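Sequence positions, counted from 1, serve as the residue numbers for this chain. Excluded from the calculations below are hydrogen atoms, water molecules and symmetry mates; all remaining heavy atoms, backbone and side chain alike, are included. Worth saying up front: this structure is predicted, and the values here are computed from it rather than measured.
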Amino acid sequence: MSAVASAPALRVTGLRKAYQDVVAVNGLDLQVHAGECFGLLGPNGAGKTTTVEICEGLTAPDSGDVELLGMHWNSDAEKLRQRLGIQLQDTQLSEKLTVFETLRLFRSFFEQGPGASEAIALVQLEEKKNSRVGNLSGGQKQRLALACALVGDPDFLFLDEPTTGLDPQARRQLWDLIEQFKSSGRTILLTTHYMDEAERLCERVAIMDNGKQIALGSPRELIASICAEHMVAFSTGANSKALDIPALRRIAGVRDVRSENGTVEMQVTELHLAVPALLAELARQNIPLTELSTHSATLEDVFVSLTGRHLRDE
């Protein structure tokens with residue numbers, strides 16, 4: 001494990017990429033500090049994967065500059081490939097090879113790094129060492145893909161939606177592996193639309209929408225930026241059209257109110273005062289409540305506050 005450099009591990013300036021009439025990345029600026037786990041968040045189609053593929057050297061930008069570990073793809077491609085670990089959103093591995101054969105193959109691409117058996121132990125796949133890739137579960141395949149990304153002993157790790165489609169237990173197992181890598185002082189760029197994942201793993205996150213960065217900061221800073229500690233969601237069934245939304249906005253401590261598809265979401269500062277006031281207001285309007293839930297504000301709520309849409313909206 002090499003020492004963490006003082007310069008930014010990744011600097012992206014004015015990045016732009018279009019596919020015919022669709023602008024995937026539109027003038028993006030990013031800076032990832034050495035030794036941090038940086039999250040790139042946004043809904044499908046926000047430009048996250050295109051951004052990561054450009055940074056990985058897999059896609060050429062239309063304009064802009066990418067400086068990675070103090071180097072550039074147009075002049076230092078061979079050196080960069082030796083120092084990067086990449087887990088794609090959908091890693092396609094030969095299903096006929098065994099786990100050991102797969103790791104031995106990937107290890108042969110790098111000048112240094114752990115042996116195949118050591119990499120297998122790192123991701124806790126010893127019992128599957130001689131199993132064919134096609135016989136692994138989804139979670140085991142994701143752990144194998146992570147081992148392939150780590151087998152070159154990288155300084156910078158790209159993880160594009162690493163836990164999509166996994167069950168909660170498999171997701172947490174991968175989180176533990178990522179945290180072990182992070183604890184060694186290496187740098188990670190993680191894309192995800194799971195907010196609990198970003199809040200647990202990332203020191204800082206950038207939220208993307210329509211190819212642009214719309215927010216940047218630590219998860220705690222971004223959540224604090226909407227000035228609401230809690231979210232209250234409720235439904236009134238067939239009576240939703242009769243609901244007086246402006247009256248809800250006048251409730252003390254309510255920062256914002258949104259109504260969508262029969263569900264009303266309220267950003268509030270003091271839950272113990274807002275909920276009784278809400279119930280009293282609904283009683284005044286003679287509108288029965290059919291469902292009520294509350295939760296602490298999350299990065300998902302930050303995105304809704306900024307765009308009016310949810311992070312998992314297509």
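Contact between P61 and L15 at its shortest, heavy atoms only, is CB-CD1, 3.7 Å. Between K48 and L41 the shortest heavy-atom distance is CD-C, 3.5 Å. Heavy atoms only, all atoms of each residue included: L68 and C55 are closest at CD2-O, 3.5 Å. Pairing each heavy atom of E56 with each of W73, the nearest pair is O-CZ2, 2.9 Å. Of all non-hydrogen atoms in L190 and C202, the two that sit nearest each other are CD2-SG, 3.8 Å. Scanning all heavy atoms of the two residues, the minimum distance from L40 to L189 falls at CB-CD1, 4.4 Å.
Note: Y194 OH to R171 CZ = 5.5 Å, rounded to the nearest 0.5 Å. Q112 contributes atom CD, which lies 5.5 Å from atom CG of D153 (distance to the nearest 0.5 angstrom). Rounding to the nearest 0.5 Å gives a distance of 11.0 Å between CD of Q142 and CG of L136. If you take CZ on R81 and CD on E78, they are separated by 5.0 Å, rounding to the nearest 0.5 Å. Taking CE of M208 as the start and OG1 of T50 as the end, the distance is 8.0 Å to the nearest 0.5 Å.
F100 meets the ring pair (Phe, Tyr, Trp, His ring centres under 6.0 Å) test with no other residue; sequence neighbours excluded. Taking the ring pair (Phe, Tyr, Trp, His ring centres under 6.0 Å) definition, one finds that F110 meets it with nothing, sequence neighbours left out.
Using a cutoff of 4.0 Å between basic side-chain nitrogens and carboxylate oxygens, D176 and R143 are not scored as salt-bridged.
Side chain of T290 to backbone of S235: a donor-acceptor contact under 3.5 angstrom is found. Using modelled atom types, one side-chain atom of E199 and one backbone atom of L299 make a donor-acceptor pair closer than 3.5 Å. Between the S218 side chain and the E203 main chain, no donor and acceptor come within less than 3.5 Å of each other. Under a 3.5 Å cut-off, the side chain of E36 and the backbone N or O of H33 do form a donor-acceptor pair. At least one donor-acceptor pair under 3.5 Å links the side chain of D301 to the backbone N or O of T298. In this structure, the side chain of Q267 does not engage the main chain of C227 through any donor-acceptor pair within 3.5 Å. No donor-acceptor distance shorter than 3.5 angstrom exists from the side chain of Q213 to the backbone of L30, with no hydrogens or angles considered. Of the possible donor and acceptor atoms, one in the side chain of Q285 sits under 3.5 Å from a partner among the backbone N and O of D244. Between the side chain of T163 and the backbone N or O of L166 there is no donor-acceptor pair closer than 3.5 Å. Of the possible donor and acceptor atoms, none in the side chain of D160 sits under 3.5 Å from a partner among the backbone N and O of T49.
With contacts defined as side-chain heavy-atom distances shorter than 4.5 Å, the pair I226/R255 does not qualify.
Listed by first and then second residue, the side chain to side chain donor-acceptor pair (under 3.5 Å) pairs involving residues 7-19 are R11-E67 (not counting sequence neighbours). Sequence neighbours left out, the pairs with a member in residues 130-139 that pass side chain to side chain donor-acceptor pair (under 3.5 Å) are S137-Q140.
Counting side-chain heavy-atom gaps under 4.5 Å among Ile, Leu, Val, Met, Phe, Trp and Tyr, V22 is found in no cluster with other residues. Other cluster members for V268: V232, F234, L243, I245, L248, I251, V254, V257, V264, M266, L271, V275, L278, L279, L282, I287, L289, L292, joined by side-chain heavy-atom distances under 4.5 Å among Ile, Leu, Val, Met, Phe, Trp and Tyr.
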Candidate pair R107 and E118, rule side chain to side chain contact (heavy atoms under 4.5 Å, CB included), full reasoning: CA-CA 11 Å; R107 175 62 185 86; E118 185 179 348; over 6 Å; no
Verdict with reasoning, E126 to K129, per salt bridge (Lys or Arg N to Asp or Glu O under 4.0 Å): CA-CA 5 Å; E126 294 97 329; K129 178 178 180 179; over 6 Å; no
Stepwise salt bridge (Lys or Arg N to Asp or Glu O under 4.0 Å) check, E179 with K182: CA-CA 5 Å; E179 287 182 325; K182 185 174 68 171; 5.0 Å; no
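Test V151, L103, L150 against L122 for side-chain contact (heavy atoms from CB on, under 4.5 Å) and you get one pass: L150.
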